[in-house]
Protein chains: 2
Amino acid sequence: MGNKGEALRQRVIAAAGELFYQQGYENTSFRDIASAVGISRGNFYYHFKSKDDILHAVIDTRIAGIKATLAEWDKKFTDPGQRLHHYVDILLHNQDNITSYGCPVGSLCTELAKYDHSILTDANKMFVVFRDWLVAQLKLIGVNNNTHRIAMHLISRVQGIAMVTNAFDDKLFLQQEVKQLKQWLDDEILKPSH
Amino acid sequence: MGNKGEALRQRVIAAAGELFYQQGYENTSFRDIASAVGISRGNFYYHFKSKDDILHAVIDTRIAGIKATLAEWDKKFTDPGQRLHHYVDILLHNQDNITSYGCPVGSLCTELAKYDHSILTDANKMFVVFRDWLVAQLKLIGVNNNTHRIAMHLISRVQGIAMVTNAFDDKLFLQQEVKQLKQWLDDEILKPSH
DNA sequence: GTCTATATCGAGATAGAC
DNA sequence: GTCTATCTCGATATAGAC
């Protein structure tokens, strides 16, 4: 198997993914990616058939990365409640990037929704992986009703925080909201007295 | 005063604003706007000096529109609690557009954050108008602490709902979340028993 | 004021040498 | 596999006729 070519392909995907996140997909050119990776523009077309093709590869790689991360969490934390807290804590761990560029999943979906519905469907799968995992954790806790809705609600809360943090360039807001959301998680989901 | 030119200018701003919302700013060309308004491409530069200039005009017009809307609400609803509910209800009233294109303010800020910080600052003023109005309503209710944070929290919740509704193309989610958010508004802000 | 014609640039994509 | 050179297209923007 072409190890050298395969390695380059991975480097392109990594660089493109980062640039798509920081600058947006449409706003990132082959030039940008080429100079980041250190190759020529023409060389792309040996590994990818179009720019869309690179985006698809980026999305696939991200999905694999998300699945790997969640599997790691499953090992690291035995308590599903702890895992849910860890999900919210992503905001805190990535607060600098979120302040500058927003959420990598959310901002990409927002961009794609403006002009390409077929790729949006693919990008949305990143959310679906998170959602299904959240549903699984809720069921493990013993929540039996509305697990899907609660998972979607959590994603929505996290996305709102990321979006507003980015738009207002306000890291403090993120920190306060994370605290509040984790409190809500404890009060309404993990220790329901009603 | 050049009435004919001024009227055309307003038509351009209206058409551009709609297209920027539906297709994104970068993804909308002069061609698109020209054919929507029914003028030639060259004619733009008599009324605007650049594409950025059109965007600034769109933002200014939107800000004026938001202020007018809020002033209308102030007249229509005497109860500040009712006004806060009405703010959340924007989601419901615009559910079709939000499902297709997201929030006009939020998605624009998300796009601009990727490549132009100076215009983002301007676009963000749309949020600030809402935020300041929300703070005013909270104070009228008698809330004295954390009015700024609560206002930001409300914006964040609304943005999260709009973003996820758009990304999942899920109008039902929007409807459920609006219900839940209005319930939260009643329980935690309007009738605090604690 | 509005138009047509054009300049200039950078994008994605291709051809073919090495 | 990777490169250089080039094609084609559509974008913003400008010049100048009407």
Side-chain angles (χ1 to χ4, degrees), chain A residues 1-59 108 111-112 114-116 118-120 122-123, chain B residues 1-59 108 111-112 114-116 118-120 122-123:
Chain A
M1 196 163 280
N3 295 321
K4 202 175 171 190
E6 192 56 28
L8 176 57
R9 195 186 141 89
Q10 293 308 317
R11 274 167 56 214
V12 168
I13 291 173
E18 196 174 346
L19 286 169
F20 291 168
Y21 175 39
Q22 296 172 346
Q23 309 181 343
Y25 170 65
E26 280 282 295
N27 197 43
T28 298
S29 68
F30 279 95
R31 264 194 143 76
D32 296 332
I33 308 172
S35 73
V37 179
I39 60 168
S40 71
R41 270 155 287 158
N43 195 4
F44 282 108
Y45 294 89
Y46 177 80
H47 299 278
F48 306 91
K49 75 178 211 298
S50 68
K51 198 184 172 190
D52 274 16
D53 198 36
I54 297 182
L55 178 56
H56 274 114
V58 166
I59 291 172
L108 180 61
E111 180 180 0
L112 296 178
K114 297 289 187 193
Y115 54 80
D116 196 322
S118 65
I119 312 194
L120 171 59
D122 274 2
Chain B
M1 196 163 283
N3 295 322
K4 203 175 171 190
E6 191 56 29
L8 176 57
R9 196 186 141 90
Q10 293 308 318
R11 276 167 54 215
V12 168
I13 292 172
E18 196 174 346
L19 286 169
F20 291 168
Y21 174 39
Q22 297 173 345
Q23 310 182 341
Y25 170 65
E26 280 281 296
N27 198 42
T28 298
S29 68
F30 280 95
R31 263 194 143 76
D32 296 332
I33 309 172
S35 73
V37 179
I39 60 168
S40 72
R41 271 156 288 158
N43 194 4
F44 282 108
Y45 294 89
Y46 177 80
H47 299 277
F48 305 91
K49 76 177 210 296
S50 69
K51 199 183 171 189
D52 274 15
D53 198 36
I54 298 182
L55 178 57
H56 274 115
V58 166
I59 291 172
L108 181 60
E111 181 181 0
L112 295 178
K114 296 289 186 194
Y115 54 81
D116 195 323
S118 65
I119 313 194
L120 170 60
D122 274 3

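Computed from heavy atoms alone, side chains included, the values below leave out hydrogens, waters and symmetry copies. Chain naming here is simple, since letters A, B, ... match the order of the sequence lines and numbering starts at 1 in each. Remember, predicted model here, so these are calculated numbers, not experimental data.
Residues from residues 16-46 of chain B that place a heavy atom under 4.0 Å from any atom of DNA chain C, listed by number: B:Ile39, B:Ser40, B:Gly42, B:Asn43, B:Tyr46.
Shown here for A:Arg9 and A:His47, the closest heavy-atom pair between the two residues is NH1-O, 3.2 Å.
Here the P atom of nucleotide C:dT2 and the CZ atom of B:Phe48 are 11 Å apart, to the nearest Å. Between A:Lys49 atom NZ and C:dT14 atom P there is a gap of 10 Å when expressed in whole angstrom units. Atom CG in A:Asp53 sits roughly 13 Å away from atom C1' in C:dA13 (whole-Å rounding).
Relative to the axis of its first five pairs, the axis of the last five pairs of the helix from C:dG1-D:dC18 to C:dC18-D:dG1 sits at 0°, rounded to 10 degrees.
Between D:dT2, C:dA13, D:dA13, one nucleotide has an atom nearer to the side chain of A:Lys51 than all others, and that is C:dA13.
By the side-chain contact (heavy atoms from CB on, under 4.5 Å) test, A:Ala36 is found to be paired with A:Ala15, A:Leu19, residues two or more places apart in sequence or in another chain being considered. Legend: residues meeting ring-ring contact (aromatic ring centres under 6.0 Å, His included) with A:Tyr45, ordered by chain and number and at least two apart, are A:Phe30. Residues satisfying the side-chain contact (heavy atoms from CB on, under 4.5 Å) test with B:Asp53, not counting sequence neighbours, are B:Phe48, B:Lys49, B:Ser50. The side-chain hydrogen bond (donor to acceptor under 3.5 Å, both in side chains) test applied to A:Asp122 returns A:His56, A:Lys125, not counting sequence neighbours. By the side-chain hydrogen bond (donor to acceptor under 3.5 Å, both in side chains) test, A:Tyr115 is found to be paired with A:Glu111, residues two or more places apart in sequence or in another chain being considered. Every residue two or more places apart in sequence or in another chain was checked for a side-chain hydrogen bond (donor to acceptor under 3.5 Å, both in side chains) with A:Asn43, and none qualifies.
Each side chain to side chain donor-acceptor pair (under 3.5 Å) pair with one or both residues in residues 27-41 of chain B, not counting sequence neighbours, appears once here: B:Gln23-B:Thr28, B:Ser29-B:Asp32.
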